Amino acid sequence: MAWLRNLSKFATKRASSSQRPKNTDPFCLLPSFTFLSHFSSTNTIEEKPCVEPVEYNYSGLEPTRPHEKPRVVVLGSGWAGCRLMKGLDPRVYDIVCVSPRNHMVFTPLLASTCVGTLEFRSVAEPIGRIQPAISREPGSYFFLANCTQIDAHNHMVHCETVTEGVETIAPWKFTISYDKLVIALGSQPSTFGIQGVKEHAIFLREVHHAQEIRRKLLLNLMLSDVPGISEEEKQRLLHCVVVGGGPTGVEFSGELSDFITRDVRQRYVHVKDYIRVTLIEANEILSSFDDRLRRYATKQLTKSGVRLVRGIVKDVKPQKIVLNDGSEVPYGLLVWSTGVGPLPIIQSLDLPKAPGGRIGVDEWLRVSSVQDVFSIGDCSGFVESTGRQTLPALAQVAERQGKYLAALLNKIGKAGAGHANSAKEIEFGDPFVYRHLGSMASIGRYKALVDLRQNKEAKGLALAGFLSFFIWRSAYITRVISWRNRFYVFVNWITTVVFGRDISRL
């Protein structure tokens, strides 16, 4: 009886907690993640000041027993990990998620939040709503933490809690034993080793990135209206530079130009003629789209006031960027969107690698060199022995992999092979096959691109204009995970049309 064991361990924790050192700092009276200690019978704490890092001799979640449900540990809360958790059967598995954020971000609509078309809450879905078992089942948990190490041979992951901005609480290190491990840690923005990008540019992958862009944009608008600001400084403050001509960069540029046309020029009359947008791309914008759609996007962006520059960024300085031809581009807001690469934790893992530094998987998304480890999403790629090409880092790829792996793990669990080292003789069935459903991108001014070809050489439907914009919005509002967020998105769109965008700097 799991609840009885947990009760006895909780009693042990209560007994050991009386040995904690006393501290007069009121912040040290906070629980400091002691809720985790009921998972272990040992809890030895070295007596140190509250602000000092504390080392814990701590075992964390112990291995499951044969009569208990097997445990699936999911690292990450992106498209792949969340779709996997949504599809896992909580009657078969205990589900444990480890991630530095407690929500999933609906990235296709993230650019709209930067200028107030949508509110941030509309694109964030809590993990507990995606998989309710994490909040309700006694053996399922969500831990706000980062994975620091994977011990695949002992079926264990090492984690450290996220305490960003709380200096009085030391990170808590713990371990989790797993029966099945799914690595879905995603990726990080690529900077190509260019100096100054991380210090001065803003990425667009998380909600806090969109919040930072919005605050920076509105701050520059207000500062440029202050008496005494020179013409040169005003032009710099109101120059928004976007680096990267992929779907994210183009959509943000379109949203920004729409914001300038419909809102800034009405509410910031004194500076309306100074604000401008520049999109820098080394090659063609939207390179994966049909040629006719690319030409249409170029024409519409130019018509809406976006300046397109072909060039390679050589250096990023606090108030200007330097291109490979030596020209300098001053900026007040710099948004970086040039692709993604593997995270440092992915590079450090002693696991087989696919081209590009991703974790190497086989046709069933297994890491073949170890037992019971799978990898999905941007952090995974097919090993060369499979003869398959690495799939692009797209949301639809990650979502389809998560859906496939959830069905596979449910099948394994129902066959009685959910526990560690017990799936060797199980027939996995059909391997994962990805079929591209097409690409879409908005370009502002109630226009969008819809390319439904499976690849660049194939034939298929390619649309542009207002009809494509209607298809784009219809498709994405149906893909938003919950009915709550669909309602939020719909209401935000109607509010923006009727009243304009919200320009409050909160």
Side-chain angles (χ1 to χ4, degrees), residues 111 114 187-205 209 212-213 216-217 220 224 229-261 271 273-341 356-357 392-393 441 443-444 449 456:
C114 299
S187 55
Q188 66 177 353
S190 294
T191 62
F192 304 102
I194 300 173
Q195 186 176 3
V197 174
K198 292 183 179 180
E199 292 80 7
H200 308 301
I202 305 175
F203 304 111
L204 186 53
R205 293 178 56 83
H209 293 150
E212 186 177 359
I213 290 172
K216 181 76 170 179
L217 176 62
N220 289 348
S224 63
I229 297 293
S230 66
E231 293 288 314
E232 182 180 0
E233 180 66 6
K234 188 177 294 187
Q235 290 180 352
R236 183 194 68 80
L237 282 171
L238 296 179
H239 189 199
C240 305
V241 177
V242 182
V243 180
T248 300
V250 168
E251 288 188 337
F252 175 71
S253 300
E255 286 281 355
L256 194 53
S257 65
D258 213 28
F259 172 64
I260 293 170
T261 303
V271 297
D273 296 328
Y274 294 90
I275 188 166
R276 55 202 173 101
V277 183
T278 298
L279 176 60
I280 300 176
E281 169 57 40
N283 301 301
E284 294 284 344
I285 65 169
L286 301 173
S287 58
S288 63
F289 282 71
D290 179 76
D291 291 341
R292 182 176 63 85
L293 297 183
R294 289 209 307 270
R295 291 193 295 270
Y296 179 85
T298 301
K299 178 181 177 181
Q300 291 299 320
L301 288 172
T302 304
K303 186 184 294 185
S304 63
V306 179
R307 176 175 170 237
L308 301 178
V309 175
R310 180 174 292 187
I312 299 175
V313 178
K314 182 180 178 181
D315 191 15
V316 177
K317 297 183 179 180
Q319 296 183 354
K320 63 183 179 180
I321 60 176
V322 181
L323 302 182
N324 59 336
D325 60 359
S327 60
E328 297 181 347
V329 182
Y331 66 86
L333 171 67
L334 177 61
V335 177
W336 193 271
S337 176
T338 58
V340 296
I443 54 177
L449 311 177
K456 294 183 65 174

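As the structure is a prediction and not an experimental result, all values here were calculated from the model. Every heavy atom of this structure was used, including side-chain atoms; hydrogens, water molecules and symmetry mates were not. Throughout, numbering of the chain's residues begins at 1 and tracks the sequence.
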Can you tell me how far [atom2] of [Y] sits from [atom1] of [X], rounded to the nearest 0.5 angstrom?
X    : Y    : atom1 : atom2 : answer
L204 : H209 : CG    : NE2   : 8.5 Å
L286 : E251 : CG    : CD    : 8.5 Å
R236 : S224 : CZ    : OG    : 10.5 Å
N324 : K314 : CG    : NZ    : 8.5 Å
K299 : I443 : NZ    : CD1   : 11.0 Å
I280 : I321 : CD1   : CD1   : 3.5 Å

State whether the side chain of [X] and the backbone N or O of [Y] hold a donor-acceptor pair below 3.5 Å, judged by distance alone.
X    : Y    : answer
T261 : D258 : no
S230 : E233 : yes
T338 : S190 : yes

Side chain proximity check, [X] to [Y], heavy atoms < 4.5 angstrom:
X    : Y    : answer
I285 : T298 : yes
T278 : V306 : no
V329 : H239 : yes
V271 : L238 : yes
I312 : L323 : no
K216 : N220 : yes
E231 : Y274 : yes
L334 : I202 : no

Give the minimum heavy-atom separation between [X] and [Y], together with the two atoms involved.
X    : Y    : value
P318 : Y331 : O-OH, 3.0 Å
V316 : H200 : O-CD2, 3.7 Å
S253 : L279 : OG-CD1, 3.8 Å
D325 : S327 : OD1-OG, 2.7 Å
D315 : Q195 : OD1-O, 3.1 Å
S337 : T248 : OG-CB, 3.4 Å

Pair I213-V335, side chain to side chain contact (heavy atoms under 4.5 Å, CB included): steps then yes or no: CA-CA 8 Å; I213 290 172; V335 177; 3.9 Å; yes
What do you reckon, is CZ of R307 surrounded by more than 12 foreign heavy atoms closer than 6.0 Å?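 Open: at most 12 neighbouring heavy atoms sit under 6.0 Å from CZ of R307.
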With a 6.0 Å cut-off (strictly less than), is the heavy-atom count around CD of E232, excluding the residue itself, greater than 12?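 Not buried by this count: 12 neighbours or fewer within 6.0 Å.
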State whether R310 and E284 are salt-bridged, where the test is any N-O pair (Lys NZ or Arg NE/NH1/NH2 against Asp/Glu carboxylate O) under 4.0 Å.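 Salt bridge between R310 and E284, a charged N being under 4.0 Å from a carboxylate O: yes.
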Determine whether V340 and F203 satisfy the following criterion, side chain to side chain contact (heavy atoms under 4.5 Å, CB included), listing intermediate values before the conclusion. CA-CA 11 Å; V340 296; F203 304 111; over 6 Å; no
Apply side chain to side chain donor-acceptor pair (under 3.5 Å) to the pair R205 and S187, showing each step before the final yes or no. CA-CA 10 Å; R205 293 178 56 83; S187 55; 3.3 Å; yes
Verify side chain to side chain contact (heavy atoms under 4.5 Å, CB included) between V241 and L333, making sure each step is shown before the conclusion. CA-CA 6 Å; V241 177; L333 171 67; over 6 Å; no
